[in-house]
K.L.:
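Input: one structure, supplied below.
Naming convention: chains lettered A, B, ... in sequence-line order (proteins, then strands); numbering from 1 in each chain.
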Protein chains: 2
Amino acid sequence: MLLTDRQVLILQVIVDDFIRYALPVGSRSLSKKEEISFSSATIRNEMADLEELGFIEKTHTSSGRIPSEKGYRYYVDHLLAPQKVKTADVQIIKSIYAERIYELEKIVQKSARILSEMTSYTSIVLGPAVKDNRLRRLQIVPLNADTAIAIIVTDTGHVENRTFHFPANISPGEVEKMVNILNERLAGVPLVDLNAKIYKEIAVLLRQHIQNYDLMTEVLAETFKIPSNEKVFFGGKTNMLKQPDFTDLDKVRGLMAMIEQEEGISEMIRRNPEGINVKIGRENNNSVMENCSLITATYSIGAEKIGTIALLGPTRMEYSRVIPLLKFISADMSAVLTTLYQND
Amino acid sequence: MLLTDRQVLILQVIVDDFIRYALPVGSRSLSKKEEISFSSATIRNEMADLEELGFIEKTHTSSGRIPSEKGYRYYVDHLLAPQKVKTADVQIIKSIYAERIYELEKIVQKSARILSEMTSYTSIVLGPAVKDNRLRRLQIVPLNADTAIAIIVTDTGHVENRTFHFPANISPGEVEKMVNILNERLAGVPLVDLNAKIYKEIAVLLRQHIQNYDLMTEVLAETFKIPSNEKVFFGGKTNMLKQPDFTDLDKVRGLMAMIEQEEGISEMIRRNPEGINVKIGRENNNSVMENCSLITATYSIGAEKIGTIALLGPTRMEYSRVIPLLKFISADMSAVLTTLYQND
DNA sequence: TTTAGCACTCATGTTGCCAGAGTGCTAACA
DNA sequence: TGTTAGCACTCTGGCAACATGAGTGCTAAA
């Protein structure tokens, strides 16, 4: 079951070649490669063995071989010669963070865009769930007699806002008092806990200052319902169309539908553990991903994982270029975010 | 050059049929239709004339006919029997506005989504340019020693926010004063004019209260640079993939690239005049639009046009269903927005 | 163990053929 | 003069036959 050195070499060359040219690789063309010093017949024998072991497969009886998912898996796990990230690319990535951006979301979004541009695959970044941010400041801006905007600023510079309707008979003075109470009591509280706190602590206080305090409490609670999902950012949504692998319109439709939906893809990304992960084809447990690979890398503030940056491409992905790139970006992002937000 | 009644009838039936089935229409199948009481031979003669006049064309010598762009044009201009909007659809549209939403953007975005769902084409809505909104309130929330978020709330409930960096040595007290000054002086001013006002009126006032007033003024001016473009909202970006007309991957790629870019498509929409407009195929002056039509309808607050709602589909679009729908939605949106924002 | 050689397989492209849909034209008809 | 039936013609699309070329598996010799 263990592969011989020569088999490994052949597998490696097959995968490299197929990644490059997207065409089945035959024994004759292999025998012409520098790395390979034995004849096509020998290669054929070895290929037959490799096929039997499940590392490569044929598209039809007399075709060349293409890597199977297992073949890619072996390649990724054992054969990857990670390229160094090109200095030009390093420059570009560094420049994302060179501007003094504070807003976490912008950093994340920009990273997604650049990653997709550098790879011409589709990048997906799960931003930190807003619910885990902490409240920095709450403001209420009245718009008309019964409508106002609540603005929530978090410690990561994220601004969340939503309109709501006042219960009847509330005075500007009361609103002001309420805002003060809320800011005093809720600063530093994770958004996800706002609701509980409002019922537990704030309601009592409001009672002392506001007429319609019970209705108001309810409105506040409703207003501060924070979506529990991570935000999803995309880069190069339609890059898949450019890949020669996707000539089948139906496949494309399926993929696009999934990307459009956001749910499916973010769920798929989310279930990967910390660090860097490569999921090849059906390893993603999703029929539309049959010819796709997904590489994920988590990023963090300090030691705490806060999001995932992912790359979606054909199984025939340039792993050796892309994996180091993703590692680099996620590490760099983590570093930047950590200096920005660590000691808040 | 004027068409006879019979020619018009035939043209109408051809277009209707082709819109429905996406297959070239032959004389024999035409002759079997109820509406048509004369023989296939007669139809052939008429079709020959119609072709000579440029209203229909063949895909090959012995194929049935399909409408030309000129044919669609005539159909849209003269033959459209606008269907009534289905009551079910009316319900759905009404329900968009039934919830008491105040935020203009949400209304616009929701409209885009629903329009695309009802038509299975791609909808694009140009929201009002943020720069034309008026400032309702400005807030500044410090994030750390030198960074803060400026939050701009407009009269349409839009919240714009951006981070900026304080010049050195500014005290919390000074910031508060500044915010007060800005709110006093700038409330009701269109965002696009903020900059001018800051240099003309605010700078002088800041001078009296703030040490580093010149640097601060510059930072403010920089912060209040408002993007001049309309916001673009999409619905059903990938709906085009579902149309039988788009089997050619290259065409699809071109279209998707344009949609992804946002620039091209919004520019194309923008150059249509007020009211409802139908641009067929090359009338859009854009090679990727060759087999597409674009229908635009403007919406307004009171008498002032503030945005455009558009629908992108194949030239073989269901004009008779879709045009009334678009009319209805744009009118309804205008009505709702007018009651919400007219007297602000 | 390696390799040369050969028979075999299959995808691809070409050709010819046929059926079917559709046209254009002509001649007869109302 | 307008309408229609009929017929010859054209083109697409599907199918089968065939050649080609890339590639394989196997055998036998080195």
K.L.:
Whole angstrom is fine here: how far is it from CD1 in A:I66 over to C1' in D:dT24?
P.N.:
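Spelled out: CD1 on A:I66 to C1' on D:dT24 is 16 Å.
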K.L.:
With a non-hydrogen cut-off below 4.0 angstrom, is A:S63 in contact with a base, only sugar-phosphate, or nothing?
P.N.:
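If one applies the 4.0 Å heavy-atom cut-off, A:S63 turns out to touch the sugar-phosphate alone, with no base involved.
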K.L.:
Over how many whole Å does the gap from B:E46 atom CD to D:dT1 atom C1' extend?
P.N.:
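Distance, rounded to whole Å: 14 Å.
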K.L.:
Nearest-Å distance, CD1 (B:I56) to C1' (C:dG24)?
P.N.:
14 Å
K.L.:
Want to settle it: does A:S40 or B:R6 sit nearer the 5' end of DNA chain D, counting the closest nucleotide to each?
P.N.:
B:R6
K.L.:
Specify the separation, in whole Å, of atom CD1 of B:I43 and atom C1' of D:dT4.
P.N.:
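Those two atoms, CD1 and C1', are 11 Å apart.
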K.L.:
List every contact pair, protein side and nucleotides 5-9 of chain C side both N or O, where the distance is under 3.5 Å.
P.N.:
residue, atom, partner, partner atom, Å
C:dG5, O6, A:R44, NH2, 3.1
C:dT9, O3', A:T61, OG1, 3.2
C:dT9, O2, A:S62, OG, 2.9

K.L.:
Please report, rounded to the nearest Å, how far the P atom of D:dT24 is from the CG atom of A:N45.
P.N.:
11 Å
K.L.:
Excluding sequence neighbours, so at least two apart, what forms salt bridge (Lys or Arg N to Asp or Glu O under 4.0 Å) with A:D5?
P.N.:
none
K.L.:
Give, ordered by number, those residues of residues 20-39 of chain A having at least one heavy-atom distance below 4.0 Å to an atom of DNA chain D; if nothing qualifies, reply none.
P.N.:
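Within this stretch, A:G26, A:S27 sit under 4.0 Å of the strand.
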K.L.:
Suppose the criterion is side-chain hydrogen bond (donor to acceptor under 3.5 Å, both in side chains): which pairs have a residue in residues 253-265 of chain B, not counting sequence neighbours?
P.N.:
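Listed by first then second residue: B:D250-B:R253.
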K.L.:
Looking only at side-chain N and O atoms, does B:K58 come under 4.0 Å of OP1 or OP2 in C:dG24?
P.N.:
yes
K.L.:
Whole angstroms only, please: what is the NE2-P distance between A:H60 and D:dG25?
P.N.:
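Spelled out: NE2 on A:H60 to P on D:dG25 is 12 Å.
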K.L.:
Tell me which donor-acceptor pairs under 3.5 Å the side chains of residues 286-297 of chain A have, and how far apart each pair is, sequence neighbours excluded?
P.N.:
residue, atom, partner, partner atom, Å
A:N286, OD1, A:V288, N, 3.1
A:S293, OG, A:Y319, OH, 2.7

K.L.:
Between C:dA11, D:dT4, C:dG24, which nucleotide has the shortest distance from any of its atoms to the side chain of B:E51?
P.N.:
C:dG24
K.L.:
Quick one: side chains of residues 75-90 of chain B, donor-acceptor pairs under 3.5 Å with protein atoms, not counting sequence neighbours, listed by atom name and distance.
P.N.:
residue, atom, partner, partner atom, Å
B:Y75, OH, B:D16, OD1, 2.6
B:D77, OD2, B:R73, NE, 3.4
B:Q83, NE2, B:S320, OG, 3.3

K.L.:
Quick one: B:I14 CD1 to C:dT23 C1', roughly how many Å, whole number?
P.N.:
13 Å
K.L.:
Considering only residues two or more places apart or on different chains, which pairs with a residue in residues 18-43 of chain B satisfy salt bridge (charged side-chain N to carboxylate O under 4.0 Å, His left out)?
P.N.:
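Output for this query lists B:D17-B:K33.
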K.L.:
OP1 or OP2 of D:dG23 less than 4.0 angstrom from a side-chain nitrogen or oxygen of A:R65, does that happen here?
P.N.:
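Result: no.
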K.L.:
Who passes salt bridge (Lys or Arg N to Asp or Glu O under 4.0 Å) against B:D49, sequence neighbours left out?
P.N.:
none
K.L.:
Check the pair B:M317, B:Y72 against side chain to side chain contact (heavy atoms under 4.5 Å, CB included), reporting the backbone distance first and the verdict last.
P.N.:
CA-CA 10 Å; B:M317 226 186 199; B:Y72 283 120; over 6 Å; no
K.L.:
Rounded to whole Å, how long is the line connecting atom CE of B:M47 with atom P of C:dA21?
P.N.:
15 Å
K.L.:
Taking the basic N atoms (NZ, or NE/NH1/NH2) and the acidic carboxylate oxygens, is any pair closer than 4.0 Å for A:R6 and A:E46?
P.N.:
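Yes.
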K.L.:
Please tabulate, one pair per line, all N/O donor-acceptor pairs under 3.5 Å involving side-chain atoms of residues 273-282 of chain B, not counting sequence neighbours.
P.N.:
residue, atom, partner, partner atom, Å
B:K279, NZ, B:N272, OD1, 3.1
B:R282, NE, B:E69, OE2, 3.3

